[in-house]
Amino acid sequence: MLTDINPRMLILARESRGLSQSELSKRLKISQGKLSKAEKGEQSINDITLTSLALELNYPEQFFFQSTPSAPVSHYYYRKRVTISKKIMAKMESSIKIFRNNIDSLMDSVELPDFKIPTFDPSEDLPEEIARKARYILKIPDGPITNLTNVLERNGLLIVKTDLFNEKTDGLSTISDKGAHIIYLNERMPNDRQRYSLAHELGHMIMHFDIPSDSENVEQEADRFASEFLMPEKEIKNSLRNLNFNKLGDLKRYWKVSMRSLVRRAKDLGLLEPQEYRNFQINFSRQGMSKSEPIPLPEEKPYLLNQIIKLHLTELDYSEEELARIVNLDLGEFQDRFIEQEIPKLKILRNF
Amino acid sequence: MQLEQLQFFPTKESFDSIDFENPNNPDFFRNIALSIFEAFELFSNDNKSFYDNTSKSNMLNNAVAFAIQKNCSSQNFEFIESLSNTRRSLGILDDKYVLMFKKTPVSNVKTKQDDKIKYQELDKHVVFLTYEVDNFWSEIKKVEFRYYATPKDITYIYDITNLINTPATRIFEPMEEIPTIGIKEDAKTKRRKAQ
């Protein structure tokens with residue numbers, strides 16, 4: 001019997017597993033042309049091929065009958081101008097769309113905290129001014145933000161730490177079809193970078209989601225927002241004078257930002273000469289601190305997504321198998337994605 | 001290794017590294033290493049009880065003295081707190097060795113007292129417990145015992161940095177306030193009907 005699946009879901013499924021058409025068609029033992037036509041919606045597939053598809057791509061058969069997620073994945077945040085292979089990019093984007101659909105399937109039963117994240121137009125106010133207003137509206141007291149994830153989740157943002165399949169993308173922000181505002185952070189990044197990325201993505205949500213903006217400036221604006229949001233000039237300026245390596249460690253512990261961000265902040269506030277800034281960069285690179293710095297910050301653990309699942313399991317009496325069916329995932333993948341691991345992924349740290 | 005005393009009438013036996021490295025309490029050096037790392041954690045977590053107006057090194061040294069006293073005091077190790085403002089807290093191990101605690105680089109300020117200590121002119125062998133932090137004060141890099149024969153000659157080093165296996169762990173930032181999340185009013189009814 002021939003079956004009409006949603007061709008867009010077939011593409012999403014294939015890309016999320018990092019497979020090309022040619023790779024998948026070989027595994028399915030069908031021609032690439034046939035697969036290509038199926039992906040364009042020009043050809044139906046039979047039940048046997050559907051079963052093979054589900055097996056090869058590790059999605060349940062009903063996955064391929066879902067409606068297509070319509071909202072685009074917006075605002076990727078790359079630390080540097082980097083090239084990511086098309087395949088990895090497609091894998092990341094498709095996985096995020098599927099993840100976002102999973103979340104939407106669970107949103108019918110739960111009420112998130114009221115969404116109180118404001119929006120401001122960066123053509124009217126400077127990003128720094130917007131950051132100060134945002135801190136005020138979100139009732140953030142003076143000084144360092146102790147747990148940024150917690151502050152944002154209390155204000156209705158859903159934060160998800162997940163693998164983005166590369167070490168070049170720091171995070172991305174998106175709105176789901178059902179209106180959930182979600183920020184994804186790359187779990188491969190160290191905690192100081194995750195915090196900065198979170199503030200950066202928040203900047204996008206506040207300044208660029210509702211208001212069309214000059215695409216060349218958006219990343220710079222989000223960076224300026226993040227810097228002022230995490231390290232307000234009025235409060236940090238004095239402690240950044242006469243900066244040295246010895247002082248950087250203390251400032252990192254206090255402000256909960258990376259040493260590199262502190263040095264950059266000092267430069268942006270005119271407290272470091274270009275040569276001094278260069279010397280810091282050279283030293284960072286000599287000490288292998290480009291990817292990871294000393295003094296790891298405590299991890300900010302998102303709460304809401306975990307709680308959404310808990311409420312379904314306890315208050316609504318769902319089983320994990322039922323929830324996996326609701327979100328259209330195989331049970332194993334559902335558990336990996338949504339059920340808190342008893343044995344956490346370990347990081348090396350000295351602790352007593 | 002035995003180090004001969006440069007004295008005509010030695011008041012103590014030669015320093016014997018094997019004897020030093022095998023104290024009566026077999027866990028002693030492990031406890032010392034643990035104390036240094038613990039002290040660094042205490043110091044890093046802004047524990048104000050170690051606050052000292054002079055310098056970070058002194059604050060860390062105060063934390064080290066506190067942790068060693070807490071973790072290592074026993075009948076084989078007597079901790080003697082500094083009686084003056086010199087921060088010369090010390091400990092006596094097995095009634096044979098005087099241990100002094102210092103962050104490296106050890107000060108080169110020359111005093112009569114320092115000379116007496118480093119020329120080993122006291123009636124017990126003096127061994128310096130030194131600990132080194134990295135440039136960013138982010139971690140303890142090295143913990144070792146050093147024996148000076150003269151102020152300029154370190155004739156013996158015993159590195160105890162790796163005596164402890166620190167566990168891999170995740171540290172979480174506590175939540176200041178739990179976000180409010182609940183089940184929608186009609187969700188339970190819908191679920192009951194579906195069941």
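So that the names make sense, note that chain A is the first sequence line, chain B the second, and so on, each numbered from 1. From a predicted model like this one, the values you see are computed outputs, not experimental measurements.
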task = Any chance you could lay out the side-chain hydrogen bond (donor to acceptor under 3.5 Å, both in side chains) test for A:Asn246 and B:Lys56, step after step, and finish with the verdict?
result = CA-CA 10 Å; A:Asn246 187 334; B:Lys56 280 169 85 171; 2.7 Å; yes
inquiry  = Would you call the rings of B:Phe40 and B:Trp137 parallel, tilted or perpendicular, taking 30° and 60° as the class edges?
reply    = parallel
Pair B:Asp159-B:Thr161, side-chain hydrogen bond (donor to acceptor under 3.5 Å, both in side chains): steps then yes or no = CA-CA 6 Å; B:Asp159 189 335; B:Thr161 320; 2.5 Å; yes
Indicate every side-chain donor-acceptor pair of residues 101-108 of chain A with a distance under 3.5 Å to a residue at least two apart or in another chain.
unit_1	atom_1	unit_2	atom_2	d
A:Asn102	OD1	A:Arg337	NH1	2.7
A:Asn102	ND2	A:Ile98	O	3.2
A:Asn102	ND2	A:Val327	O	3.0
A:Asp104	OD1	A:Ser176	OG	2.7
A:Asp104	OD2	A:Ser176	OG	3.4
A:Asp104	OD2	A:Asp177	N	3.1
A:Asp104	OD2	A:Lys178	N	3.0
A:Ser105	OG	A:Asn101	O	2.9
A:Asp108	OD1	A:Lys178	NZ	2.9
A:Asp108	OD2	A:Lys178	NZ	3.2

message = Applying a heavy-atom distance below 4.5 Å, give me the residues of residues 183-191 of chain B that approach chain A, sorted by number.
response = B:Ile183, B:Lys184, B:Ala187, B:Lys188, B:Arg191
query = Where do A:Glu293 and A:Asp192 come nearest, in terms of heavy atoms and distance?
reply = OE1-OD2, 3.7 Å
message = Looking at A:Lys301 and A:Glu340, is there a salt bridge between them, counting it only when a charged N and a carboxylate O are closer than 4.0 Å?
response = yes
task = Would you check if there is a donor-acceptor pair between the side chains of A:Arg154 and A:Asn150 at a distance under 3.5 Å?
result = yes
key: Side chain / backbone / both / neither for A:Lys256 at chain B, heavy atoms under 4.5 Å   = side chain
message = Quick check for you: among A:Gly249, A:Pro298, A:Gly156, which has the greatest number of heavy-atom pairs under 4.5 Å with chain B?
response = A:Pro298
key: Structural part of A:Tyr303 lying under 4.5 Å from a heavy atom of chain B   = side chain
